[in-house]
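Worth knowing before you read on, the calculation uses all heavy atoms, side chains too, and leaves out hydrogens, waters and symmetry mates. Chain naming here is simple, since letters A, B, ... match the order of the sequence lines and numbering starts at 1 in each.
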There are 2 protein chains.
Amino acid sequence: MSVAPKRPKGPPLNAMRAFEAAARHISFVAAAEELNVTAGAISQHIKTLEGWAGMPLFRRNAQGVELTREGQALLADFTKAFDALADATRALRDLKPNADFQIAALPSIAQLWLPKRLGKIRECYPQINFSVTAMETPPSLSRELFDLSIFFSVPDGSPNQICICQDKIIPVCAPSLLNRKQGDQGFEGISFLRDQTWANDWPMWSQNSGVQIRNSENGPQFSLYSLAVEEAKAGAGVLMGHLCLIEDALTAGALTVMHDVSCSTGNSLVIQVPRMPRQRSETKRIVQLLAN
Amino acid sequence: MSVAPKRPKGPPLNAMRAFEAAARHISFVAAAEELNVTAGAISQHIKTLEGWAGMPLFRRNAQGVELTREGQALLADFTKAFDALADATRALRDLKPNADFQIAALPSIAQLWLPKRLGKIRECYPQINFSVTAMETPPSLSRELFDLSIFFSVPDGSPNQICICQDKIIPVCAPSLLNRKQGDQGFEGISFLRDQTWANDWPMWSQNSGVQIRNSENGPQFSLYSLAVEEAKAGAGVLMGHLCLIEDALTAGALTVMHDVSCSTGNSLVIQVPRMPRQRSETKRIVQLLAN
DNA sequence: CATCTTGCCTTAGTTTTCCTACGGCAAGAA
DNA sequence: TTCTTGCCGTAGGAAAACTAAGGCAAGATG
């Protein structure tokens, strides 16, 4: 008999959280992004946990990980636990008077669509600090501390989503550029400004409009859509414009449409809020203001 | 608008765990003991959490703490979350082949009652390592990683408890001491060996038996009951014997009863196991073997 | 009344944990 | 081939967690 002097210790909490995130995403890098750490940190946490359990929880393949049977079995339990913990954390946050209202959005939406409307909202809630976090992938609203997210996606019809508008694309450019090319409706010899993540825009529009596009790869790429918009305003080339993101530039005359045909990408601009018990009180009204 | 570069961070997990434990016990020291840290650590964790929430969760009084209204409201959420996490942790532990079987017991029980029976059990499960952790207060089996606990208490009739026997006390001493005092049934001029936590034994027995005891404080105190038993065997004085703890010494003749009247303390020797989904498979059989 | 005890606080210093940075490797894509 | 992606490993440094020790206030004890 070994009389242990100390109570049996469970595994480190952070390791469990890392496992839960990694298992849910089936990816260390995705988990790392969610938890705001590097993938190496996730790797170590999971190794710690596997050491504690004396059993591998992931199978590491070169092109990604997969859960072992055992890891598989644990995921549900851990997800339930950390969901409950997320609830408690929100309850704690809600005690804080005038806590920041956290918004998650696609970088382009955060820069081109949000600012104007956020201005109005801030007038209604001068005491609340609105924080906007830009990211490529929508966060889990049941897990992270965001109060609202705005992304392009296909709406799922749930009451926690509001569809603002369809995402329609149409070629645009600076008026000066259009004048130069007056009478010439083609896209010959023009730079195509492109966003990295929306590289597919031109082919999609081409197919939909029937307009033949050659060399749509001809032109600079930008990591942020808003940079491409600025370049387009400066007359650097033609841009596939997402209508909801460039409406201001169009009405102000900084950009004009180059071709009458617009086409839908299949996505919509969607606002999503946490499901009920996790919402803070201002959410409903803020969504209303955002949706105009 | 402040564009936060990083996702909003929740409070540290360890701080939340500390809060949950402290709120449940309404005591920092009790929480510290449960988590195997010092009270200072708990204090700091809670301060961290209060800082994060921007709101006090405890009211600190000189003779103890109490929850504020806000802390009160949070407790349920956090307890639910950490209960779920404890479940997940057990599921993880159960993956481990031949994990230690963890037993929590009162020090005196661990030393005087358990060893003999544990020997038999170890024969049945030679591959399992049995760990015994001594402590004064029964741990929460739904929260901590114990598989079984043995303490004196009043049974609550739940199916997770087995009552082994009543806790009966009776004065005992070494045979040599009894011989010297032959014919003298009183307790005059004898050292009363006493255990610190059971200081009430002599008055209780006195009241029950009708035997007048004077100077029951006359004699050495021991922090462990087993030390007092050893002293009694050595003839150092008379001890209030708890029958289930000294049965071996009595049958072996190392101790003899000094007075025929025994009295019940109201408690029983109770084995408790976690409620079902958290039990490991061997538990049932082990309880059976312990109960004989 | 003085003294002890209990339970919390605070500070300082140490230990442990956690994380990043960076080079490497294997598999699939270009 | 060469690039890219996603994981691993190690080393070193930053941050968190913990301990130790002295203090204080309110009851309990003598």
B/E66 atom CD is separated from C/dT6 atom P, nearest whole Å, by 21 Å
To the nearest angstrom, the CD-C1' distance between A/E50 and D/dC8 comes to 12 Å
message: Side chains of B/D167 and B/T265 only: does a donor on one sit below 3.5 Å from an acceptor on the other?
response: yes
Between NE2 of B/H25 and P of C/dC8 the distance, given in whole Å, is 12 Å
May I ask you to check whether B/Q272 and B/S149 show a side-chain donor-acceptor distance below 3.5 Å?
no
Between CD of A/E33 and C1' of D/dC7 the distance, given in whole Å, is 16 Å
note: B/I46, atom CD1; D/dC18, atom C1'; distance rounded to Å ~ 15 Å
A/I26 atom CD1 is separated from D/dC7 atom C1', nearest whole Å, by 15 Å
Q | Phosphate OP1/OP2 of D/dC8 contacted by A/R60 side-chain N/O (<4.0 Å) | A | yes
Rounded to whole Å, CZ of A/F58 lies from C1' of D/dC8 at a distance of 15 Å
Worksheet entry | Electrostatic pair B/E20-B/R143, nearest N-O below 4.0 angstrom | yes
Could you list, one pair per line, each protein nitrogen or oxygen that sits under 3.5 Å from a nitrogen or oxygen of nucleotides 16-26 of chain C, together with the distance?
residue, atom, partner, partner atom, Å
C/dC18, OP1, A/N14, ND2, 3.1
C/dC19, OP2, A/H45, NE2, 2.5
C/dC19, N4, A/Q44, NE2, 3.4
C/dT20, OP2, A/T38, N, 2.5
C/dT20, OP2, A/T38, OG1, 2.9
C/dT20, O4, A/Q44, OE1, 3.3

- Message: Walk me through whether B/E144 and B/R93 qualify under salt bridge (Lys or Arg N to Asp or Glu O under 4.0 Å).
- Response: CA-CA 12 Å; B/E144 300 189 54; B/R93 196 266 326 254; over 6 Å; no
From the candidates D/dC7, C/dG7, C/dC9, the one with an atom nearest any side-chain atom of B/F28 is C/dC9
Quiz prompt | Cation over ring face, B/K96 and A/W52, 6.0 Å, 45° | solution = yes
With sequence neighbours left out, the residues meeting side chain to side chain donor-acceptor pair (under 3.5 Å) with A/S226 are A/Q111
